[in-house]
Amino acid sequence: MAEVEGIYLDNNATTMVDPAIVQEMLPYFTEQFGNPSSMHNFGNKVGLAVKKARKQVQDLLGAEFDSEIIFTSCGTESDSTAILSALKAQPERKEIITTVVEHPAILSLCEYLEKEGYKIHKLHVDEKGRLDLEEYEELLDEKVAIVSVMWANNETGTIFPVEKMAEMANAKGVMFHTDAVQAVGKIPIDLKNSKIDMLSLSGHKLHAPKGIGVLYLRRGVRFRPLLRGGHQERGRRAGTENAASIVALGKATELAGEHMPFENTTVKAMRDRLEQGILAAVPNCFVTGDTENRLPNTANIAFEYIEGEAILMLLNKMGIAASSGSACTSGSLEPSHVMRAMGIPYTAAHGTIRFSFSRYNTMEEVEKVIEAVPPIVAKLRKLSPYWGENGPVAEPEKAFAPVYA
Amino acid sequence: MMPVYLDNNATTPLDARVLEAMLPWLQGAHGNASSVHQAGRYARAALDTARQQVAELVNAHPSQVIFTSGGTEANNMIIKGTAAYYSAGTVAVSAIEHASVLTAADSLKRWGWQVQSLTVDADGIVCRPLALAADARLVSVMMANNETGVLQPVTEIAEQVRQLGALMHTDASQAAGKMPVDFRASGAHFMTLSAHKFYGPQGIGAVIMDKAQELQPLLHGGGQEKGLRGGTENIAAIVGFGCAAALAKAELVERTAHCQQLRQALEAQLQQISGVQILAETAPRLANTVMMTVQGFRGETVLMGLDRKGIAASSGSACHSEHVEPSHVLLAMGITPDAALSAIRISLGKQNTVADVDQLVAALTQLIAGVPQVALAS
C-alpha cells in the first residue's frame, strides 16, 4: 500500500491516529490480549486498562461518574442506542424532536422510525444554520420521547446551544441526547453541570482509531440496551470489549483535553487564515454557517457556479484532501442536506467545500492551499455555463433552458 | 515462568502478521473509506480485499459479507433484523447458544414473538428432527459450542428448516478458523463470524448472508455496507480480520492438527487424575476444546489456583464470569448443577506447546491433590 502524502484537511471525516496513541494500543494487541471479562490475570490487567480509559473519557466530558461512560463500536451505534432506548423505555411517547441538519446516523434512523409510526419533528435552521428555540419550545411536551440535537454540525462547524436546549427539555420532563462527535475535544464540555441525558462520541474524530465510540448515559436515566448478550459494560452493551481501541480512546481523550487550548488558538488561526486568504483571492465565494459560533477547526466555503466534486478532484491531484459535504454521502451529487436546509442557492450549494483542520496541520500547508484554490476555481468556471467572460451570466437559470426552433 | 494462556475460546492473541497488516492503517493512511479523495480510495481497496478474504474463509461471495463490530452485534442484527420483516411467530434457538443469541431472541418477546428452546442430548448435540413450532420463522443453531466445542449438525438442521419455509442462522464464531466452514454448503441463510476468535483483532465481526433475504439494519446511518450497517468503516480492524481469515484458511490443516495433538496429550493425562471427567468426550468436537468437571471442587476455586500459577483457563463463557451460576450449556446437557459448577474449560491455540499442557496437568494435579501450593519449577 502506498503511503498517502499530502495535506489532509478532512479531519471532520476522520483523523490520523496519534502516534502516541498507537504506542499505547500496541501492548493490548500483543502481550495484554486477555478477554477483560475473564477471571484470570490475563483478563484482569486488561480490565484495569479499560477502567483507566473510562476515567479518561469521564474527565474530558466532565461526567460525574465513570459508570456513565459506555463503550460502543462507533458514534452511529451510540446514536442508535440512545434513540431506540428512549423509545423502548417510554412506549407511551411516540414523538422525536431533532433537526434538519443532523448526521445521517440520526436522520436515516428517524426516517425508518417515521415508517414505523413515530412522529418526527425536524427543527429548521436559518440561513446561517441557527435553530429557532421558540419553534423548539412549542414542540416540547409529554408526547416527546427524546430530543436529539447535534452539538456541532459536521459540515459547517456551527454550534447549537445544546446545554440550554437540554435544560428546556428537562423542565418539560423530556429526555435529551446530543450527537457530539464533532464537538468532543474541540470545545469544553461539562456534563455534570448540564441536563444532557445522553451524548455520543466517536474515537476516530479525535485521533483514536475507527471502531470505537462512547455513549454517555446520565445515572438514573431509564435505559434499554441495543446489543444484548454478555454482561459487558454493566449489561448495557454486550460484546467482548475492544480493549486496544478502548485504551486508545482513553489516551485520545486525555490528549484532546491537553490540546484544547491549542485547538482554540493555533488551529483556529489556521482556519481563519485559510478563509481570509481564499475569500480575498476568489470572487463569488462565501463562508457558510454561523461564523460567530462554530468549531475552531471547520471552514465551509461555497464557490458559486461550479461543482464541489470537480474542485475536490483537482485538489486531490495536488495532494490536498478536503470534502464536499459529509463523506458518508459523497459519491452522491445531490447538494448536501445541510446546505439546502440553510437555503443556500443551488448554484452555490453544489460548490461547497469543507476544509477541516486538526492539530497536525501547519500554517505552511494553509498557505499552499490558499495558492492552489484560486486557479482551480478559475479553471472550472471557464467550463461553467453559469459563468461568462468576467463573472456570472446575467440569468443563470436560463443557461440550460431548452431552445426550440 | 512464562504465563500459559489456555483460554483461546474467550479470545486469541493477535497474530503478529495480522498486526503488521493493520499498522499502516493505524499509523498513516487515515482515509475514511467513504471519502472520494486518494486516501479514501486506498481505504476502499483495502476494504474490498479484506471482504474477499473473509468470504473465502467460509466459501461465500464477497457481496454476502457485512462487517459489524463483532459477533454479538452480528447475532443481534440477524435475529432482530429478520424478525422485523415478519409478523410475530416463533424464533427457535438451541438451548446451548451464546448469550448474545439467547438474549436477542428473548428481546423479540416484546413484539409478540414466542421463543422456542431446542433441546440437546447428553453430548450437547441438538436433538433431531427438530420439533419446530408450526409458526417458526427463524431457527438459530451454532456451528460449534463455545464451552464444550461440540459440533452441531447444522447442514442437516438447515435442510429441515428450509423444508418448513423458515430461515436458518448459524453462529460460526467458534467454528471459523478452527474447522472448515462452508456457508454455501451449510444451507444457512445467515452466519455470524468474529475475528478475535481466530487471531484477528477485537471489535470486528461479520454477518454472512444470503442476499435474497431481507435484513433490517441494526445501525442506521450513512449508507455504509450497502445500507445494512451504518458507521465509518473500521478499516484497520477490517484489514486485520481479512488477514486473519487468509492465514486461517492457509494454515487450517496445520493448526487443527497441532491442537488435536496437544489435546490428545492433555486428555490422556487428565484421565489419570481422579475426579476429572471430560465432557462430550466421544462427540465430534473442535480440536482445541476440552470441557471437564472436577469432582468436589468449585470451578472458580480451581481457576484461581491455576491463575496463581500463571495459567489462564475458563469456567465457561467469559461473558458470564462475573456471575457464578452453573453454565446453561451444561445444564441443558443434563449435568447436575453441582457438577456444572465444577467445570473447567481448556481451549488451546496455535501458540500453545506440549510444555504448556504439561504445566497445566502438573498444576491441576497439585491443586486437586491438595498439595501445598509451592511454585512449580520452571
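The chains referred to below are lettered A, B, ... by the order of the sequence lines, with proteins before strands, and numbering in each begins at 1.
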Minimum heavy-atom separation for Phe29(A) and Leu14(B), please, with both atom names.
O-CB, 3.2 Å

Below 4.5 Å from any heavy atom of chain B, which atoms of Glu111(A) appear? Answer side chain, backbone, both or neither.
neither

Here the pair of heavy atoms bringing Asn76(B) nearest to Arg228(A) is ND2-O, 2.8 Å

Looking at side-chain heavy atoms only, is the closest gap between Tyr28(A) and Gln202(B) below 4.5 Å?
no

Within this structure, what is the NE2-CG distance for the pair His220(B) and Leu113(A), rounded to the nearest 0.5 Å?
7.0 Å

Check each atom of Met22(B) against the heavy atoms of chain A and say whether the ones under 4.5 Å are side chain, backbone, both or neither.
side chain

Could you check whether Thr232(B) and His204(A), counting side-chain N and O atoms only, form a donor-acceptor pair closer than 3.5 Å?
yes

Closest approach of Gly230(A) and Ala99(B), non-hydrogen atoms and distance?
N-CB, 4.0 Å

Using non-hydrogen atoms only, which part of Val239(B) is less than 4.5 Å away from chain A: side chain, backbone, both, or neither?
neither

Distance, nearest 0.5 Å, that separates OG1 of Thr11(B) from CD of Glu241(A):
10.0 Å

Measure distances from Leu226(A) to the heavy atoms of chain B and classify the residue's part below 4.5 Å as side chain, backbone, both or neither.
both

In terms of heavy-atom contacts, Gly231(B) and Thr76(A) come closest through CA-OG1, 3.4 Å

Taking side chain as everything from C-beta outward and backbone as N, CA, C, O, which of these in Ser108(A) sits under 4.5 Å from a heavy atom of chain B? Side chain, backbone, both or neither.
both

At a heavy-atom separation under 4.5 Å, does Ala243(A) approach chain B through its side chain, its backbone, both, or neither?
both

Side chain from CB out, backbone as N, CA, C, O: work out which of these in Ser194(B) comes under 4.5 Å of a heavy atom of chain A, or both, or neither.
neither

Tell me, for Ala312(B) versus chain A, whether the close heavy atoms (under 4.5 Å) come from the side chain, the backbone, both or neither.
both

Any side-chain heavy-atom pair from Leu219(B) and Leu109(A) closer than 4.5 angstrom?
no

Do other residues, nucleotides or ligands put more than 12 heavy atoms under 6.0 Å from the CZ atom of Arg17(B)?
yes

So which residue, Arg224(A), Lys88(A), Met25(A), ends up with the most heavy-atom pairs under 4.5 Å with chain B?
Lys88(A)

Against chain A, label Leu218(B) side chain, backbone, both or neither, depending on which of its atoms sit under 4.5 Å from a heavy atom there.
both

Can you find a pair of side-chain heavy atoms, one from Ser73(A) and one from Arg229(B), that are under 4.5 Å apart?
yes

What's the shortest heavy-atom distance between Asn234(B) and Lys210(A), and which atoms?
OD1-O, 2.9 Å

Which of Arg237(A), Glu116(A), Glu77(A) touches chain B most, by non-hydrogen pairs under 4.5 Å
Glu77(A)

Between Gln27(B) and Val17(A), does the side chain to side chain contact (heavy atoms under 4.5 Å, CB included) criterion hold? Intermediate values first, please.
CA-CA 6 Å; Gln27(B) 284 170 333; Val17(A) 184; over 6 Å; no

Just checking Gln351(B): does its CD atom have more than 12 heavy atoms from other residues, nucleotides or ligands closer to it than 6.0 angstrom?
yes

So do Leu23(B) and Leu26(A) actually touch side chain to side chain, heavy atoms under 4.5 Å?
yes

Using non-hydrogen atoms and a limit below 4.5 Å, what part of residues 67-75 of chain B faces chain A?
Ser69(B), Thr72(B), Glu73(B)

Counterpart residues, salt bridge (Lys or Arg N to Asp or Glu O under 4.0 Å), relative to Glu24(A) (two or more places apart):
none

